[in-house]
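Counting convention: from 1, in listed order, for ligands and their atoms alike. For the single chain, residues carry numbers from 1 onward in sequence order.
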Amino acid sequence: MNLALGPYGEGVETLLHGEFGAYPSKGSRYALSLTQMALHIQRLVPKPETDQRTVVPLAEVVGCHTLRSRAPTDRAAYFSVYAYPLKKRKVAVGLGRGRQRAARTFQVDGADDYEKNQAVAEKWAAAIKCLVLGIPVSSETEIAPSLLPRPRRLLLLLNPFGGRGLALQWCQTHVLPMITEADISFNLIQTERPNHARELVKGINLAEWDGIVAISGDGLLYEVLNGLMERHDWEEAIKMPVGILPSGSGNALAGAINCNAGLEQVLGLELLLNCTLLLCHAAVAPLDLVAITMASGARCFSCLSVAWGFVSDVDIESEKYRHMGAARFTLGTLVRLASMHTYRGRLSYLPATDATAHRPISRSITVAPNGHLPLQRLPLHRALSDMGLCEERHAFRGAEPAPVPCPSPGSPPPSSASVLPPPSFSFEPGPGELLAGGAGEARVGGPPDELLVPLGQPVPGSWMTVEDNFVLVLAIYQSHLGADLFTAPFARFDDGLIHLCFIKAGISRAALIRLFLAMEKGSHFEQECPHLVHVPVRAFRLEPLTRKGILTVDGERVEYGPIQGQVHQGLARLITGVNRLKIASG
Ligand SMILES: Nc1ncnc2c1ncn2[C@@H]1O[C@H](COP(=O)(O)OP(=O)(O)OP(=O)(O)O)[C@@H](O)[C@H]1O
């Protein structure tokens with residue numbers, strides 16, 4: 001067994017070793033060693049004065065192609081390795097490190113005839129592609145192109161008007177060249193109107209595609225997921241891997257994918273390049289979906305969040321600054337802070353914890369488990385800030401689902417909070433505003449919500465209820481609320497949890513600003529703000545008691561009124577690109 005010195009430790013097993021020329025030639029020769037994690041390139045001719053080695057981490061490689069010279073007398077074969085390392089250059093926000101294409105072509109010329117050289121080149125290309133795709137290869141493996149699956153076929157749906165309207169330009173200049181080097185074949189469709197993506201995925205032949213990728217903001221992926229769930233064969237359809245190449249203004253899922261891969265938080269084109277690189281690595285992971293039900297009976301599937309109050313106000317009101325891209329949220333936040341509203345509402349939830357093992361403790365909020373008088377025999381709720389982030393993460397990650405509440409005629413009476421007469425709501429979407437809730441969602445199929453009872457009925461006895469004045473309520477299931485808002489650092493794609501976060505009235509503007517500033521790094525819970533509460537839950541119900549307001553699901557406005565949701569663990573499949581390879585962070 002050959003051993004090379006690897007970038008991730010010593011003594012890494014060498015899978016392939018060879019000596020090759022280069023293209024363009026210039027008389028140079030190189031010794032190449034391929035390990036599980038990297039391609040090691042050592043120049044032999046001209047002999048360097050010191051031992052110089054270039055290491056190309058395979059995590060930065062998207063593909064490898066074999067080539068033949070146009071000159072009929074050339075008996076050499078060639079293979080090109082396409083990598084996108086981080087290099088010092090001007091990036092979207094000032095000077096920094098950005099990904100840049102770096103292709104190296106090697107000349108295989110050890111044999112007298114082309115076929116033999118071509119076989120060697122094919123072997124190297126196959127080995128590199130297997131490793132990039134996470135297909136296990138060892139020094140015992142008989143490496144051949146037959147190890148590779150057929151090239152992936154992706155349906156790319158591009159919203160030309162997402163974000164600053166750069167999606168098509170970025171797709172042509174960056175995405176398509178990269179995925180072509182990764183041997184991905186694709187159909188690119190530009191969406192022409194709201195709900196176009198939804199209609200398209202409802203009609204596709206699933207067998208023709210290996211994945212559907214939204215080149216857009218989060219809104220288009222929401223349409224894709226709901227289009228799949230509206231199909232008669234939703235159980236099969238929702239297994240279709242979905243991906244996102246961020247080019248909108250709300251790029252929360254892309255932020256989460258980037259973070260999950262261990263990459264530094266970036267925005268704009270840098271985030272797009274990271275996500276395209278990950279897309280080329282193909283790996284897919286289960287993704288939780290939350291089934292949302294609204295008062296009209298509409299049901300939809302959400303993969304990001306439900307927001308009420310400050311967050312949804314900023315999201316929808318900042319639509320008018322869309323041309324600014326992600327900066328629209330910063331401006332929207334400042335505008336909203338100037339006229340901070342509070343909203344009265346009733347928030348009920350089914351805690352994800354085993355109530356006795358991890359009994360939460362509360363400070364200053366009125367928590368009533370249904371079936372008991374408020375403030376009597378109350379299990380106290382504990383905010384994340386009381387508990388410490390790490391403990392909370394360990395306590396809840398991978399926890400078994402809480403016992404399913406079964407409301408029955410003999411159930412205890414509802415808490416006083418939940419029998420208050422429902423308020424009436426006024427909802428008027430502004431001109432040009434879209435409604436994600438509506439007739440479309442009413443047709444959505446999907447698994448039954450066994451944790452929920454109809455919105456007209458009191459929540460089951462095992463649920464907790466908080467009635468208070470809120471600055472915001474956010475049910476979030478991914479780590480990011482925006483590409484640079486690391487809102488729920490403990491969230492995982494398939495943890496089976498809804499992270500219910502709320503900020504109660506009484507918080508000062510300064511404290512709210514501090515929380516949002518700290519959110520960029522995900523350190524907001526460390527501030528131990530007494531107004532900020534986090535509870536991991538399996539299901540929730542939000543009943544606004546303030547007549548006017550904005551509710552959003554995955555950043556899209558929905559009807560205003562009572563809303564509830566339950567998590568369906570790992571229902572969808574997300575292209576995360578994380579296999580054994582670790583991409584170098586910025
Ligand atoms: N051609 C189109 N014209 C107008 N709207 C479209 C078009 N294609 C898609 N849409 C709608 O635009 C919405 C927002 O798209 P997307 O998420 O890609 O952009 P965004 O800038 O991140 O917006 P947001 O932050 O509001 O989600 C989608 O929900 C979709 O319904």
Side-chain angles (χ1 to χ4, degrees), residues 155-171 175 188-202 212-230 242-258 267-269 271-272 275 292 298 300-307 311-333 429-441 444 476 478 480-485 487 550-558:
L155 177 59
L156 308 180
L157 300 175
L158 182 147
N159 175 3
F161 300 112
R164 286 188 292 150
L166 292 172
L168 186 59
Q169 186 189 326
W170 282 357
C171 179
V175 175
L188 173 64
I189 300 179
Q190 288 191 60
T191 53
E192 291 164 10
R193 55 187 180 277
N195 283 324
H196 189 189
R198 191 179 196 134
E199 290 154 20
L200 281 169
V201 303
K202 277 168 78 173
I212 303 173
V213 176
I215 306 179
S216 64
D218 296 313
L220 209 68
L221 192 75
Y222 170 87
E223 282 192 15
V224 168
L225 289 167
N226 281 280
L228 292 172
M229 290 305 292
E230 281 168 20
V242 294
I244 189 143
L245 295 179
S247 18
S249 44
N251 297 315
L253 194 59
I257 290 171
N258 188 67
L267 295 173
L269 183 58
L271 182 60
L272 177 69
C275 289
I292 302 292
C300 64
F301 285 85
S302 155
C303 68
L304 289 172
S305 61
V306 171
V311 169
S312 54
D313 291 350
V314 168
D315 201 353
I316 298 306
E317 289 169 7
S318 67
E319 283 275 345
K320 49 181 173 285
Y321 315 124
R322 172 172 289 278
H323 61 280
M324 299 176 69
R328 85 178 219 214
F329 299 117
T330 314
L331 182 59
T333 302
E433 281 178 343
L434 304 172
L435 252 192
E441 280 80 1
V444 173
I476 185 167
Q478 307 305 337
H480 282 64
L481 184 61
D484 58 351
L485 287 175
T487 307
I550 294 174
L551 269 171
T552 56
V553 174
D554 292 5
E556 305 297 317
R557 192 169 188 177
V558 295

key: Per-atom contacts, ligand 1 versus Glu556 - under 4.0 Å to a heavy atom   = 27 (O), 29 (O)
Location of contacts on His196 toward ligand 1, heavy atoms closer than 4.0 Å = neither
message = Is it the case that the side chain of Ser216 and the backbone of Leu158 share a donor-acceptor pair, with hydrogens and angles ignored and the cut-off at 3.5 Å?
response = no
query = Which atoms of ligand 1 are found less than 4.0 Å from any heavy atom of Ser216?
reply = 18 (O)
note = A student checking ligand 1 against Leu220 at a 4.0 Å heavy-atom cut-off should list atoms 9 (C), 17 (O)
ask   = Backbone or side chain, does any N or O of Gly250 fall under 3.5 Å from an N or O of ligand 1?
value = yes
inquiry  = Give me the atom names and distance for the closest heavy-atom approach of Glu223 to His196.
reply    = OE1-N, 3.7 Å
key: Any N/O pair Ser249/ligand 1 closer than 3.5 Å   = yes
note = Closest heavy-atom pair, Ala252 versus Asp218, reported as atoms and distance to 0.1 Å, is N-OD2, 2.7 Å
task = Considering non-hydrogen atoms only, spot the tightest contact between Gly255 and Leu271 and give its length.
result = N-CD2, 4.4 Å
query = Near Gly163, which atoms of ligand 1 are under 4.0 Å from a heavy atom of that residue?
reply = 20 (P), 21 (O)
task = For residues Leu200 and Leu155, determine if any side-chain heavy atom of one lies less than 4.5 Å from a side-chain heavy atom of the other.
result = no
ask   = With a cut-off of 4.0 Å, which atoms of ligand 1 are near a heavy atom of Gly248?
value = 20 (P), 21 (O), 22 (O)
request  = Check ligand 1 against Asp218 and write out every atom of the ligand that is under 4.0 Å from a heavy-atom position of the residue.
outcome  = 17 (O)
query = Which atoms from ligand 1 have a heavy atom of Thr191 less than 4.0 Å away?
reply = 1 (N), 2 (C), 7 (C), 8 (N), 9 (C)
message = Residue-level breakdown please: for Asn251 versus ligand 1, do any non-hydrogen atoms fall below 4.0 Å on the side chain, on the backbone, on both, or on neither?
response = neither
ask   = Just by modelled atom types, is the Ser312 backbone N or O under 3.5 Å from a matching donor or acceptor in the Thr552 side chain?
value = no
key: Sub-3.5 Å N/O-N/O distance, Gly217 and ligand 1   = yes
ask   = Taking the side chain from Gln478 and the backbone from Cys303, do they hold a donor-acceptor pair closer than 3.5 Å?
value = yes
ask   = Side chains of Arg164 and Gln169: closer than 4.5 Å at any heavy-atom pair?
value = no
key: Under 4.0 Å to a heavy atom of Gly162 - the qualifying atoms of ligand 1, by number   = 19 (O), 21 (O)
key: Verdict with reasoning, Leu481 to Ser305, per side chain to side chain contact (heavy atoms under 4.5 Å, CB included)   = CA-CA 8 Å; Leu481 184 61; Ser305 61; 4.2 Å; yes
